[in-house]
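Single-structure report; data block below.
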Amino acid sequence: MELVLSLGIGILAGSGVWLLLRPRTFQVIIGLALLSYAVNLFIFSTGGLRTGAAAILQAGEAGTLARYADPLPQALVLTAIVIGFATTALLLVVLLATRGLTRTDHVDGREREP
Amino acid sequence: MTGWMDHLIIAPVILPMLAGIAMILVRDRWRGATVLLGLASTVGLVVLAIMLMVLADGPVVRVYRLGDWPALFGIVLVLDRLSALMLLLTSLLGLAAFVFSLARWHRAGPHFHPLFQFQLMGLNGVFLTGDLFNLFVFFEVMLAASYGLALHGSGTARVRAGLHYIVVNLVASLLFLIGVSVIYGIGGTLNMADLANRMRDVAVEDRALLEAGAALLGVAFLIKAAMWPLGFWLPATYAAASAPAAAILSILSKVGIYAVLRVWLLLFGGDTGASAGFGGTWLTIGGLLTIAFGTLAVLATQNLSRFAGASLMISSGTLLAAIGTGQVAVTAGALFYLAGSVLAIGSFFLLIEIVERGREVGADVLAVTREAFGTGEEEEPDEPDEVGIAIPGTVAILGLAFMICALLLAGLPPLSGFLAKFAILAPLLRPSAAGVPAMTWVLMAALILSGLATLIAAVRAGIELFWASPTGRIPRISLLEIVPIGVLLLLCAALTAGAGPVMGYMQATADALYAPQGYLAGVLAAPPAIPPAIPGGR
Amino acid sequence: MSAALLGWSVFLAQLMLVAAMGCAAVRMLRGPRAQDRVLALDTIYVNAMLLLLVFGIRTGSTHYFEAALIIALLGFVATSALAKFLMRGEVIE
Amino acid sequence: MARLIPYPLFALALLALWLLLAGSLTPGTLLLGGALALGGSWALVALPPPEARLHRLGAVPGLLWMVLVEVVRSNHAVAKIILWPGQAGTRRSGFVRIPLDMRSPYGLAALACILTATPGTVWVEYDRAESTVLLHVLDLVDEETWVRTVKDNWERRLMAIFE
Amino acid sequence: MPDALLLLALVILPFAGAVVAGLLPSHARNAAAGLAGAIALVSLGLVWAAYPTVAAGGVLRAEFAWMPTLGLNLVLRVDGFAWLFAGMVTGIGALVVLYARYYMSSDDPVPRFFSFLLAFMGSMTGIVISGNLIQLAFFWELTSLFSFLLIGYWHHLAAARDGARMALTITATGGLALFAGMLVLGHIVGSYDLDVVLAAGDRIREHPLYLVALILVVLGALTKSAQFPFHVWLPHAMAAPTPVSAYLHSATLVKAGIFLLIRLWPVMAGTDAWGWTVGLAGLITLVLGAYIAIFQNDLKGLLAYSTISHLGLITLLLGLKSELALVAAIFHTMNHAAFKASLFMAAGIIDHETGTRDIRRLSGLNRSMPFTARLALVAAAAMAGVPLLNGFISKEMFFAEALSAEVPVSPLLNILPFAALLASAFSVTYSLRFIHGAFFGPDPTDLPRKPHEPATWMRFPVEILVLTCIMVGVLPAATVGPFLDIAARSVLGAATPVYSLAVWHGFNLPLLMSVAALGGGVLLYTFLQRYLRTGQDGPPWIRRLEGQRIFERTMVYVSWRLARVLEQRAGTRRLQPQLRLVLGTAILAGGGAVWLRGFGPGNLPPTPVDPILAMIWVVGAACALGAAWQAKFHRLAALILVGGAGLVVCVTFVWFSAPDLALTQLTVEVVTTVLLLLGLRWLPKRFQSQDGQGRDGQGRRRQAAEVLTRTRRLRDLGIAAGAGTGMAAMAYAVMTRTPPDLLARHFLERAYTEGGGTNAVNVILVDFRGFDTLGEIVVVAAVALATFALLRRFRPAPDSLEVPEHQRDADGAVSHGNAGQPGTDWLLVPAVLTRLLFPVIVLVAIFLLLRGHDLPGGGFSAGMVVAIAIILQYMIGGTDWTEDRLRLRPHLWIGTGLLLAAGTGLAAWPFGLPFLTSYFAYVDLPLIGKVPMASALIFDIGVFALVVGATLLMLVALAHQSVRAHRATPRIAAAVPVRDHAPMPAGDD
Amino acid sequence: MQAAELPLWAAVPVSVLLLLGAGLALVGSVGLLRLRSFYDRIHAPTLGTTLGIGSILLASMLFFSVLQTRLVLHEVLIGIFMVVTTPVTFILLSRAAFYRDQQEGNPEVPALPPRQDAPEP
Ligand code: NA
Ligand code: NA
């Protein structure tokens with residue numbers, strides 16, 4: 001299973017990086033979205049992969065790792081998702097502002113001379 | 001917990017946050033209230049920072065257990081000398097930039113004030129936290145606010161530079177996350193002290209991964225510190241930012257340095273097992289390359305703001321190179337350098353905005369062109385009677401401030417820049433049986449040549465600004481603008497005069513960084529606020 | 001007996017649902033028009049939701065129900081926004 | 001009463017929703033659910049949906065049963081078309097414009113739900129001025145048949161409930 | 001007076017005076033001059049007060065801690081040599097102040113002048129009485145700085161600015177070299193203390209780093225003393241007011257280099273390397289300076305080159321391996337100060353009274369200013385080495401040394417006497433030219449002013465100095481003898497040679513040389529008359545070697561053009577290369593770290609592959625790759641494909657037991673999609689250009705561009721592949737290792753028992769690590785505020801201002817797109833359904849919020865759900881409709897949310913608990929039963945409120961741009977085809 | 001509790017319902033892939049969104065009700081939500097496609113009628 005997930009992370013990261021290196025702002029923002037997926041999954045994976053072991057305890061119980069997955073990476077990913085969402089929004093607005101002020105959607109705010 | 005003094009450690013985070021919240025709730029309905037809130041917060045932060053510095057200047061590391069959870073599991077804030085130093089620098093710069101902004105900048109767009117407060121909150125959080133992931137969170141707080149501040153006032157240049165700034169820093173944040181998670185995956189903890197404790201016991205087969213994680217973390221920090229070739233975003237962003245934003249942003253690059261100091265020395269400092277000293281050489285090499293690039297940029301630029309940005313890169317490079325040597329005394333010197341550099345560059349960013357206000361656009365382009373093609377012979381053939389033109393007081397004051405800044409940046413006497421370079425170089429050249437390693441010579445040359453380049457560029461710019469074109473409009477400045485600059489520069493003078501005690505503090509700071517037993521013990525043995533069995537609570 | 005029966009049927013159901021997702025993904029990649037892709041996305045959402053429900057049966061846990069519920073309740077917002085954009089060039093007017 | 005609970009039926013539906021969500025019938029759940037349902041119906045006042053007058057609620061189960069039957073039938077028909085496209089070589093799909101007598105927005109919405117839920121028909125456009133709805137039909141044997149089906153099967157029954 | 005106080009006063013007084021003078025109003029000429037004079041005199045008095053100690057061979061010393069840990073203390077130390085120099089600095093300083101009072105025009109901001117002058121005096125004194133090497137370098141750079149300010153005092157003149165810049169550049173460079181040299185010396189000796197250093201001569205000379213230290217120190221000295229090839233700055237420094245030239249450029253600043261060479265002579269001199277560097281530089285400077293001086297048409301220029309030459313003479317003396325030469329050097333330093341200062345002052349008087357310094361225009365001033373002429377004559381004669389004047393004696397000593405001294409290499413020994421003779425002859429020639437050119441000949445014709453004698457007090461300093469020249473010349477042993485003796489003794493100690501300060505040493509070779517030089521000089525002057533009358537600038541043969549031009553060209557080339565080229569090569573301002581570098585560095589850093597230690601998968605056996613999840617990931621990978629493929633031309637497709645990939649990530653979260661993540665990710669997915677769609681409207685339309693390869697003449701260029709593009713793409717593909725592989729490998733390695741368990745165990749154990757919730761993830765978020773969450777919501781708030789601020793200033797590009805073509809009918813009329821508006825029947829059914837859905841969605845959100853602590857859900861996802869519910873109303877009902885009905889106050893939500901979260905944290909304080917300490921209990925309510933009351937819930941409600949507010953603020957602000965655009969363009973716009981697509985230029989990648 | 005504990009009488013209908021639902025969803029998605037025009041394709045996923053979902057929801061309800069020995073009905077909500085939300089997407093989407101095709105003069109859709117702006121009702 002680890003192989004599948006790591007390949008998936010790799011492909012997401014690779015696609016994201018490829019887009020990140022493109023010249024159009026929209027490509028960059030999509031690239032960052034893909035890269036964030038990869039990173040979130042990566043953080044998530046550090047706790048180990050467990051199926052059917054959501055860290056939802058029984059009331060009154062002191063949970064153990066035998067029954068439940070590590071909740072910490074999940075909490076970290078949640079924070080990362082939220083922060084990623086916020087920064088994506090900001091990046092979008094900034095790229096719109098760039099586009100509005102420079103009339104181009106090139107990442108440098110000016111078209112390159114061919 | 002016994003009294004209010006115990007909460008002092010977290011106050012630098014709470015105070016600006018509450019101020020920011022209040023500002024959001026007040027919104028722009030009552031600007032006076034917002035300003036008062038901001039003033040109270042920034043002044044309060046200075047007072048707090050001074051108190052914390054007094055607290056920190058002792059053998060005991062102070063720990064604040066958030067939520068009263070044990071340090072191993074919960075998040076802790078840790079106050080040591082380094083944190084206190086950074087807090088003080090931040091608060092001083094914050095107060096100066098805030099007062100400066102009141103003259104005009106804070107009206108250039110909505111939400112300047114809350115963003116400014118969140119910026120301070122983020123910075124203070126970064127300097128206080130003892131948890132690696134919490135460090136990431138506060139990096140993000142700081143960055144989010146800095147995005148807003150860098151874009152404050154909008155406009156093509158700002159937005160264009162802001163885009164680069166944001167994209168590069170988003171990538172840095174992702175690298176940070178990867179690094180943290182690898183370290184968690186291998187080290188099994190997020191508490192930096194605990195992590196440092198476990199470094200020795202990391203299995204051989206796990207070290208490669210751990211070091212890769214640390215390397216990625218390092219790249220993230222070094223992007224903040226604007227190390228070559230990771231920092232090209234810096235000059236453009238800071239040049240485009242409004243003056244108070246640029247001033248407060250200038251400490252952001254020092255955050256990268258701080259993070260390197262803190263994390264690198266904890267994880268890979270002296271006694272941490274097989275990985276000790278990991279990457280130090282690269283840090284020095286990167287620092288040297290950064291100095292070299294900054295030097296070129298300082299010379300090549302025709303724009304004062306970019307000049308300041310390039311100086312910032314030089315200072316980053318200097319710090320990285322010095323820290324990379326892995327010597328306690330050199331690090332102490334680097335800390336002294338850091339203090340002066342923060343104050344100097346901060347005030348310089350404030351100053352150049354005023355200076356450039358009175359200039360026609362393109363004057364700086366003329367200057368070098370004239371120098372390039374005219375070499376000064378054929379211009380102004382008429383030399384009338386040698387009677388000077390009395391520069392109006394404003395220009396004289398600005399000129400003086402400019403000169404002081406230039407001296408500080410170039411590391412020339414009489415201000416702290418010179419002593420700082422000396423403080424870095426002297427320990428490197430301490431007599432030793434092993435002789436002087438080649439790296440020391442390179443570093444010495446880099447430090448001296450970068451200073452020379454800064455001087456040449458600053459003189460070129462200064463002559464053009466203050467001497468060659470006195471016909472330009474005399475900038476209108478308000479007291480709110482010049483006083484903060486003056487105070488920051490006075491602080492630099494104070495650093496020179498009080499170099500002994502200051503250096504003593506830095507030495508103690510560096511000693512503790514390289515021998516973090518006190519830090520580790522302090523964090524891991526932090527006592528709970530209450531015994532666990534109190535009804536109602538835990 | 002019932003375990004084996006359920007195990008196999010759950011497996012086959014999941015297999016079919018993943019195959020369904022795959023079909024939709026191909027349509028999403030192929031297009032040819034934007035509306036085809038939006039439709040494919042909507043289909044993938046629905047298939048994923050079904051997959052989550054079957055997954056719930058497989059693990060015997062209701063913890064994943066809310067995720068399915070959210071897809072059912074909010075998945076359409078994304079596709080509707082896409083559709084509206086297709087029609088009007090703007091999502092919110 | 002109407003002022004206290006502006007949309008009683010809707011509030012009841014919300015309460016049911018809450019109970020289903022919570023999956024319990026404890027007094028606590030009921031109390032909280034009731035309060036929230038009340039709040040929810042008040043929220044609806046802010047976005048006033050069109051007036052609704054419901055008649056003959058007794059016809060609803062019958063309608064639902066019919067829908068179920070129709071859904072099963074169309075599922076079968078469409079699955080056949082997809083799986084064995086060669087069999088229905090003569091199949092023709094196309095648009096049908098169906099004149100409607102029903103004007104109630106709720107009735108129209110219900111009709112849209114039913115037609116959407118029935119594989120083989122898609123609601124494309126409603127024209128209020130002409131009072132027609134444009135459908136796309138996968139297996140358009142005969143336009144007139146479709147008009148009749150929609151009007152007799154659905155519109156009549158829905159009008160009985162909503163108008 | 002205690003020594004410490006005296007020494008401290010000596011340094012501090014001038015600086016204090018400088019500050020006071022700087023604060024005086026700009027017309028307060030007399031006050032400033034009086035202040036400066038008083039300070040100079042007091043300082044002189046202080047120096048004199050030190051005489052008894054010094055004369056007895058003692059040393060005044062005071063040490064103040066500065067940076068004691070680094071061996072840098074403020075050490076003030078006056079021995080005989082320092083005393084002599086201090087006397088010169090303060091004494092001539094006093095005279096210059098008096099002179100300047102009359103020289104400076106009252107139109108100048110004179111207080112500033114005196115302020116700089118005093119600061120310079122302080123710095124110079126600082127150098128002289130430094131007892132610490134670093135401190136010496138410190139004051140050294142200060143003299144450069146203040147001399148810069150003084151040279152550039154008349155900064156409205158280009159010459160002054162250029163001269164000042166050049167002087168600073170060269171001397172500060174030297175100063176930095178000196179600083180480095182001092183560091184090396186400190187390294188060799190182990191201390192920066194001068195006394196320690198002076199006692200470690202052998203150690204220094206034998207150290208492997210001696211040569212390095214020597215070169216660096218000498219570089220400092222030679223630049224300051226204007227020695228070849230660094231002499232170029234001095235002539236251009238003549239743009240300074242003449243008192244500055246008299247003070248800095250004859251008596252003090254340029255002598256700092258000499259001072260340093262003498263100071264370190266006992267420990268550094270005596271080696272071949274020293275002789276080569278110092279001696280050779282001195283020799284060349286001596287001859288070259290004298291030669292050029294002859295051909296200067298500017299009085300001050302002539303004096304400047306003469307100064308260069310005389311400094312060369314002193315330097316040469318110091319380069320010889322002879323103690324006697326050192327004594328001669330000290331002696332000549334004093335003599336030169338006296339006659340050169342007076343000559344500068346005389347030149348200044350001429351300039352002041354006639355308005356010019358051009359020898360070609362000046363003539364016959366003997367008649368209009370006879371007294372000045374006499375003074376100048378005597379001083380010039382001293383410079384030329386005429387007997388019975390001070391210059392003669394030291395020059396005799398020089399000749400003697402030139403003939404006898406030991407030099408490192410024999411050829412130098414052979415030419416030394418001839419060079420000395422030649423330079424002396426030149427010196428006679430230019431002295432003659434100075435006097436003859438200015439004071440003799442016919443009456444001047446075209447002077448700017450009518451010349452007359454200057455004010456008496458202006459002449460007074462010249463008189464004092466000339467009197468000194470004569471006194472020393474006639475009675476050397478009686479006048480200057482004791483002073484020279486204590487100075488020489490303090491440097492050489494026991495090695496002080498026997499020397500005789502007498503006017504007459506009998507007929508010997510030096511005397512013959514003096515006579516020859518005098519005769520030769522006079523002859524040369526006569527011979528050169530014709531040439532000099534042509535008035536050509538610059539010396540013959542080496543006229544092209546104009547120092548300033550070479551300097552400026554070099555500076556411009558090195559410090560600007562070259563720097564610019566290199567900076568452009570080494571840096572970039574474009575984003576793509578930056579990202580390439582960042583990612584490349586990251587790959588190298590991570591990969592390198594692994595490479596060094598060797599990569600290995602973990603200890604755990606891989607778990608079997610679940611075919612279902614594998615297939616799901618085939619879909620996910622296809623979506624990701626498809627998005628990467630489509631993002632350029634089909635943005636909407638890319639957006640949709642990203643949605644697909646996101647969904648796969650969600651499913652993965654569910655698969656591996658993270659329902660909370662799935663919930664959050666789903667809601668974020670939806671909002672992000674809407675957000676990006678909102679943005680898409682403002683991006684330029686872009687279609688793949690269909691035209692094939694180059695049809696016309698541009699074909700080849702296009703082809704070249706395409707090759708370049710392909711290369712770039714290949715490189716980027718490499719980086720992307722590297723990043724992907726690296727991430728995959730790292731993920732695999734981490735996943736196949738035993739996962740960390742310490743924190744996991746802790747959190748699972750205590751989530752319920754101490755955190756009061758069964759959803760461990762939520763308990764971590766709102767309690768164990770609530771501080772992270774607090775930071776996170778501040779991030780969201782800050783971003784929302786930033787986007788709002790930015791959107792307030794949003795200006796769309798002109799081409800996206802028009803109403804999208806989708807909204808036009810066939811005849812171009814714009815149709816409405818909001819429910820309830822005419823022509824929007826197609827929205828009727830969706831509107832009904834979404835309105836009914838609003839309370840339903842909110843109810844679900846509340847459900848998620850309230851159960852979050854125990855089951856999947858929580859404030860964040862609940863907040864997102866509410867935001868989506870509202871956005872849905874915006875989408876279907878339109879902005880106006882929605883805002884008429886729902887009064888949203890995003891700022892209030894944000895503020896309240898943050899306040900709730902922070903307040904929950906603060907609520908622990910009154911109980912004496914740390915920030916964010918949680919509280920929970922079960923409250924037994926009648927009828928309802930046990931209800932959990934956890935402070936964490938309030939925290940989570942804060943998160944909820946903030947998320948609602950922030951999300952709405954961002955989305956609504958973005959949505960409002962459309963409304964603004966619509967209001968800007970009339971609803972029924974003219975039918976303009978909006979087909980201005982921008983096809984991709986070739987090589988756009 | 002685990003699936004293994006389910007009695008056979010419940011396991012059989014659950015299995016059948018699961019396979020039926022998943023099969024319908026698959027057929028619908030195959031249709032999405034195979035049918036020729038957009039307007040044909042838009043009908044296909046409905047298989048999944050109606051009977052497909054219905055079967056699987058029923059299976060889930062049955063499964064959990066038996067497993068937890070209490071009535072688990074919350075799956076009904078998903079059914080209701082699907083019924084209410086799907087029309088919104090489909091109406092918007094089909095109308096968008098229709099409109100775009102009309103604008104481009106696609107022969108597959110009825111030509112654009114000569115349109116007067118409808119007077120306000
Ligand atoms: Na700026
Ligand atoms: Na249908």
Side-chain angles (χ1 to χ4, degrees), chain B residues 1 10 21 24-25 27 65-68 73 75 109-111 118 137 140-141 144-145 147-148 151 154 164 175 185 188 205 207-209 211-212 215-216 219 229-230 232 293 296-297 299-300 372 375-376 380 386-390 412-413 425-426 429 431 448 456 463 467 499-500 503 529 538, chain E residues 26 65 67 70 105 107-109 138 141-142 154-156 158 161-162 176 183 187 190 552 556 559 563-564 566-567 570-572 575 578 581-582 586 589-590 593-594 597 600 733-734 740 742 746 754 771-772 775 778-779 782-783 785-786 789-790 793 891 895 898-899 912-917:
Chain B
M1 292 272 150
I10 199 176
I21 296 171
I24 295 175
L25 287 171
R27 264 195 98 180
R65 310 194 330 169
L66 282 151
D68 207 19
F73 313 117
I75 296 171
H111 297 325
F118 291 149
V137 170
E140 292 302 314
V141 173
Y147 299 148
L151 294 165
S154 195
H164 289 193
L175 290 175
E205 63 271 18
R207 274 193 188 274
L209 263 182
E211 288 176 5
L216 292 180
V219 172
L230 309 171
F232 302 128
F293 179 75
L296 291 176
L299 288 172
T375 67
E380 297 186 55
E386 297 173 340
V387 172
I389 294 166
L412 288 181
L425 289 174
L429 284 167
I448 287 178
I456 289 172
I463 286 182
W467 282 3
M503 200 58 215
R538 295 187 307 271
Chain E
S26 64
M67 291 173 100
L70 295 172
S105 158
D107 298 340
D108 284 328
F138 178 93
E141 289 293 44
L142 279 187
W154 282 322
H155 54 74
H156 57 288
R161 297 197 295 269
D162 291 343
L176 287 171
L183 285 170
H187 168 72
E552 293 289 3
V556 167
S559 80
R564 243 166 75 118
L566 289 177
E567 193 241 12
T572 178
L575 181 63
Q578 288 191 44
L581 285 166
V582 165
V594 169
R597 290 207 182 262
V734 170
L742 176 77
H746 166 85
E754 293 183 29
F771 201 50
D772 277 349
V778 173
V779 170
V783 163
L785 296 182
L790 200 57
R793 294 283 184 90
H891 287 91
L898 286 175
L899 199 60
L913 291 167
F915 189 71
L916 277 176
T917 307

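We name chains A, B, ... by the order of the sequence lines, and we start the count at 1 in each one. Predicted model only: the values in this text are computed from it and were never measured.
- Every residue two or more places apart in sequence or in another chain was checked for a side-chain hydrogen bond (donor to acceptor under 3.5 Å, both in side chains) with E:Gln578, and none qualifies.
- The shortest distance between side-chain heavy atoms of B:Ile463 and E:His155 does not fall below 4.5 Å.
- Distance check, rounded to the nearest 0.5 Å: CG of B:Leu412 to CG of E:Leu142 gives 9.0 Å.
- Distance check: B:Ile75 CD1 to E:Phe915 CZ gives 11.0 Å after rounding to the nearest 0.5 Å.
- For the set B:Ala144, B:Ala145, B:Gly109, the entry with the most heavy-atom pairs within less than 4.5 Å of chain E is B:Ala144.
- For E:His187 (side chain) and B:Leu429 (main-chain N/O), a donor-acceptor pair under 3.5 Å exists by modelled atom type.
- Counting all heavy atoms, side chain and backbone alike, B:Val219 lies closest to E:Ala589 at CG2-CB, 3.7 Å.
- Nearest approach of E:Leu70 to B:Ala426, heavy atoms of both residues: CD2-CB, 4.5 Å.
- Looking at B:Val137, both its backbone and its side chain come within 4.5 Å of chain E, counting heavy atoms on both sides.
- Contact tally against chain E (heavy-atom pairs below 4.5 Å) for B:Leu151, B:Leu25, B:Leu175: the top residue is B:Leu25.
- Scored by the side-chain hydrogen bond (donor to acceptor under 3.5 Å, both in side chains) test, E:Arg793 finds no partners at all (sequence neighbours excluded).
- B:Phe118 is listed as a side-chain neighbour of E:Leu898, based on a closest heavy-atom distance under 4.5 Å.
- Note on E:Val582, E:Val783, E:Leu566, E:Val594: by heavy-atom pairs under 4.5 Å with chain B, the leading option is E:Val582.
- Of all heavy-atom pairs spanning B:Phe293 and E:Glu567, the tightest one is CE1-O, 3.6 Å.
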(request) Check the pair E:Leu742 / B:Phe73 against side-chain contact (heavy atoms from CB on, under 4.5 Å), numbers first and verdict last. (result) CA-CA 9 Å; E:Leu742 176 77; B:Phe73 313 117; 4.2 Å; yes

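- Heavy-atom distances place both the backbone and the side chain of B:Ile448 under 4.5 Å from chain E.
- The part of B:Ile456 that comes within reach of chain E is its side chain, from C-beta onward, which places non-hydrogen atoms under 4.5 angstrom from that chain.
- The CG atom of B:Leu299 lies 12.0 Å from the CZ atom of E:Arg564; values are rounded to the nearest 0.5 Å.
- Looking at B:Leu216, only its side chain comes within 4.5 Å of chain E, counting heavy atoms on both sides.
- Between chain B and the options E:Leu899, E:Asp772, E:Thr572, the largest number of non-hydrogen pairs under 4.5 Å is found for E:Asp772.
- Shortest non-hydrogen contact noted between E:Pro740 and B:Gly188 is CB-CA, 3.3 Å.
- Minimum interatomic distance between B:Pro110 and E:Ala789 (heavy atoms only, all atoms of both residues): O-CB, 3.4 Å.
- The minimum heavy-atom distance between B:Arg65 and E:Pro914, with the atom names listed, is O-CB, 3.1 Å.
- For the atom pair CG of E:Leu916 and CD1 of B:Ile10, the computed distance is 6.5 Å after rounding to the nearest 0.5 Å.
- Within the 4.5 angstrom heavy-atom criterion, no atom of E:Ala65 approaches chain B.
- In this structure, E:Leu581 and B:Phe232 have side chains that are in contact, with non-hydrogen atoms separated by less than 4.5 Å.
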